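When a ligand or atom number is given, it counts from 1 through the structure's own listing order. Here the structure is a predicted model, which is why all the values come from computation and not from measurement.
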Amino acid sequence: SKAPLRVAVTGAAGQIGYSLLFRIASGEMLGKDQPVILQLLDLPQAQQAVKGVIMELDDCAFPLLAGAFTTDDPAVAFKDADVCLLVGARPRSKGMERADLLTANGAIFTVQGKAIAENAKEDVKVLVVGNPCNTNAYIARAAAIKVGRTNPANYHGMLRLDHNRALTQLAQKTGRPVSSLKQLVVWGNHSPSMYADYRFVTSNGDSVKALINDPVWNNDVFLPTVGKRGAAIIEARGLSSAASAANAAIDHIRDWVLGSDEWVTLGVPSDGSYGIPEGIVFGFPCKCSGGKYEIIQGLEIDEYSRGKINLTLKELEDERAAVASML
Ligand code: NAX
């Protein structure tokens with residue numbers, strides 16, 4: 001049987017953690033034949049709660065769960081990690097300005113990026129879920145690059161929830177099964193500025209744009225619905241998206257590690273593709289195989305799309321400027 005892989009999860013006591021950990025332990029992320037060890041990180045005051053979650057993990061008797069521990073020390077949590085899911089972040093409190101949120105998270109993700117680069121496996125795969133996830137990933141990557149050792153291409157932000165949200169909107173609009181929809185991409189920042197782009201989407205060979213054939217739906221319904229979905233969930237549930245966010249994190253890592261023939265949206269550090277400045281963590285269409293990903297090249301960017309991409313890029317450039325002095 002396979003040797004266990006080590007999966008570090010931060011913010012393990014939180015609501016996303018509670019949806020995520022059980023699915024990782026049951027093999028849904030890394031494969032039904034792949035044992036895992038869960039290395040959980042949370043703040044000192046949350047250690048007791050994480051211990052309770054580990055008791056429940058124990059009580060599932062998952063055949064693939066080869067171990068689990070909790071710590072408040074990033075060096076311990078990231079030791080020899082193959083995959084790091086950075087879920088814990090500083091939430092925006094009442095009256096907190098956006099700049100304060102960015103710097104509070106900057107402090108967390110510089111520490112964690114450095115600790116990953118010093119302690120994890122050299123080919124570690126890192127996915128930042130905690131918001132603002134693109135810029136947090138950018139910060140962790142910058143801190144990791146200073147240390148060296150790990151692969152700078154492997155610091156990602158999570159756009160997959162936006163991708164999945166958009167897929168279901170398209171399925172409901174066309175009446176086609178979600179599994180039939182291929183070639184969706186969500187460009188940019190995980191924020192309402194994201195650009196969910198269905199110009200290339202097909203369903204069993206049919207163009208979804210042609211099937212929808214409604215010139216105002218994109219601007220008036222689709223983009224606002226996907227862009228403001230997080231707020232709509234909070235409004236309905238009284239709590240932010242958790243199970244769907246955990247599901248998206250599992251999808252992102254599973255496709256990256258185990259491969260995907262279809263396009264997937266990954267938030268990855270730009271290599272300059274599509275004119276996005278190098279290093280900005282941006283939603284791109286990607287293909288994955290052999291544990292590696294590549295950005296799909298050569299897609300036509302029309303004037304409307306360029307405008308949308310520039311807006312979401314501008315937001316990320318502003319965030320980058322706000323944290324520049326910390327890096
Ligand atoms: P919770 O508040 O339920 O849990 C967060 C946990 O993180 C807490 O247990 C807290 O103690 C811990 N934590 C805080 N700072 C930490 C640190 N420095 N090191 C380790 N642990 C730390 O939040 P939850 O609902 O689980 O959401 C977690 C994050 O995901 C938030 O930042 C949220 O904004 C973000 N989201 C990102 C999404 C995405 O698509 N990228 C969607 C869902 C979600 O909004």
(Q) Quick check on Ala242 - does any of its heavy atoms sit under 4.0 Å from an atom of ligand 1? (A) no

Q.
Does Asp302, at its CG atom, have more than 12 non-hydrogen atoms belonging to other residues, nucleotides or ligands within less than 6.0 Å?
A. yes

Q: Would you give the length of the straight line joining atom CG of Asn131 to atom OG of Ser191, rounded to the nearest 0.5 angstrom?
A: 9.5 Å

Q. Can you name the nearest heavy-atom pair linking Ser241 to Gln15, along with the distance?
A. O-NE2, 4.4 Å

Q. Ligand 1 and Val129, any nitrogen or oxygen pair closer than 3.5 angstrom?
A. yes

Q: Kindly say whether Asp80 contributes a backbone atom to a donor-acceptor pair with the side chain of Arg6 at under 3.5 angstrom?
A: no

Q.
Please classify the Gln112 to ligand 1 contact at 4.0 Å (heavy-atom distances, strictly less than): side chain, backbone, both or neither.
A. side chain

Q.
How far is atom 6 (C) of ligand 1 from the closest protein heavy atom, and which atom is that?
A. Gly11 CA, 3.6 Å

Q) Knowing that exactly one of Leu101, Leu102, Ile139 qualifies, which makes a side chain to side chain contact (heavy atoms under 4.5 Å, CB included) with Glu319? A) Leu102

Q: Give the residue and atom name of whichever protein heavy atom lies nearest to atom 18 (N) of ligand 1, and the separation in Å to one decimal.
A: Ile108 CG2, 3.5 Å

Q) Within the structure, does Arg90 bring an N/O atom to less than 3.5 angstrom of an N/O atom in ligand 1? A) no

Q) Think Lys125 forms a cation-pi with Trp256, using NZ or CZ under 6.0 Å from the six-ring centre and within 45 degrees of its axis? A) yes

Q) Please state which protein non-hydrogen atom is closest to atom 42 (C) of ligand 1 and give its distance, to 0.1 Å? A) Leu161 CD2, 3.7 Å

**Q.** Charged N-O contact under 4.0 Å between Lys121 and Asp123
**A.** no

Q) Restricting to pairs with a member in residues 18-38, which pass salt bridge (charged side-chain N to carboxylate O under 4.0 Å, His left out), not counting sequence neighbours? A) Lys2-Asp33, Arg23-Glu28

(Q) Can you confirm whether some protein heavy atom lies under 4.0 Å from atom 2 (O) of ligand 1, or whether none does? (A) no

**Q.** Residue and atom name of the nearest protein heavy atom (relative to atom 27 (O) of ligand 1), distance in Å to one decimal
**A.** Ile16 CD1, 3.4 Å

Q) In terms of residue, atom name and distance, what is the protein heavy atom nearest to atom 11 (O) of ligand 1? A) Asp42 OD1, 2.6 Å

Q) Is it the side chain (CB and beyond), the backbone, both or neither of Asn131 that lies under 4.0 Å from ligand 1, heavy atoms counted? A) both

Q | Side chain, backbone, both or neither: Met158 near ligand 1, heavy atoms under 4.0 Å | A | both

(Q) Among all protein heavy atoms in this structure, tell me which lies nearest to atom 17 (C) of ligand 1, with the distance rounded to 0.1 Å. (A) Leu43 CD2, 3.6 Å

Q.
Please check whether Thr10 reaches ligand 1 - meaning an N/O of the residue sits under 3.5 Å from an N/O of the ligand, judged on distance alone.
A. no

Q) Nearest heavy atom to atom 14 (C) of ligand 1: which of Ala46, Ser19, Ala89, Ala243 does it belong to? A) Ala89

**Q.** Lys173 side chain reached by Asp214 side chain, heavy atoms, under 4.5 Å
**A.** yes

Q.
Just to confirm my output: which protein heavy-atom neighbour is closest to atom 39 (C) of ligand 1, and how far is it?
A. His190 NE2, 3.2 Å

**Q.** Smallest separation among heavy atoms of Val36 and Ile24, with atom names
**A.** CG2-O, 4.0 Å

Q: Enter the distance from Asp251:CG to Leu161:CG here, rounded to the nearest 0.5 Å.
A: 10.0 Å

Q. Taking non-hydrogen atoms only, is Ser240 closer than 4.0 angstrom to ligand 1 via side chain, backbone, both or neither?
A. side chain

Q: Distance to 0.1 Å, residue and atom name: give those for the protein heavy atom nearest to atom 28 (C) of ligand 1.
A: Val87 O, 3.3 Å

Q | Ligand-side contact atoms (ligand 1) for residue partner Gly14, heavy atom cut-off under 4.0 Å | A | 1 (P), 3 (O), 4 (O), 9 (O), 26 (O)

**Q.** Nearest atoms (heavy-atom pairs only) where Ala137 meets Tyr155
**A.** O-CB, 4.2 Å

Q: Select the closest option to atom 43 (C) of ligand 1 among Ala245, Ala49, Cys133, Ser191, judged by heavy-atom distance.
A: Ala245

Q | Short side-chain to backbone donor-acceptor contact, Gln39 and Ala77, under 3.5 Å | A | yes

Q: Look at ligand 1 and say whether Ser241 reaches it with a heavy atom at a distance under 4.0 Å.
A: yes

Q: Specify side chain, backbone, both or neither for Ala13, according to which of its non-hydrogen atoms lie closer than 4.0 Å to ligand 1.
A: both

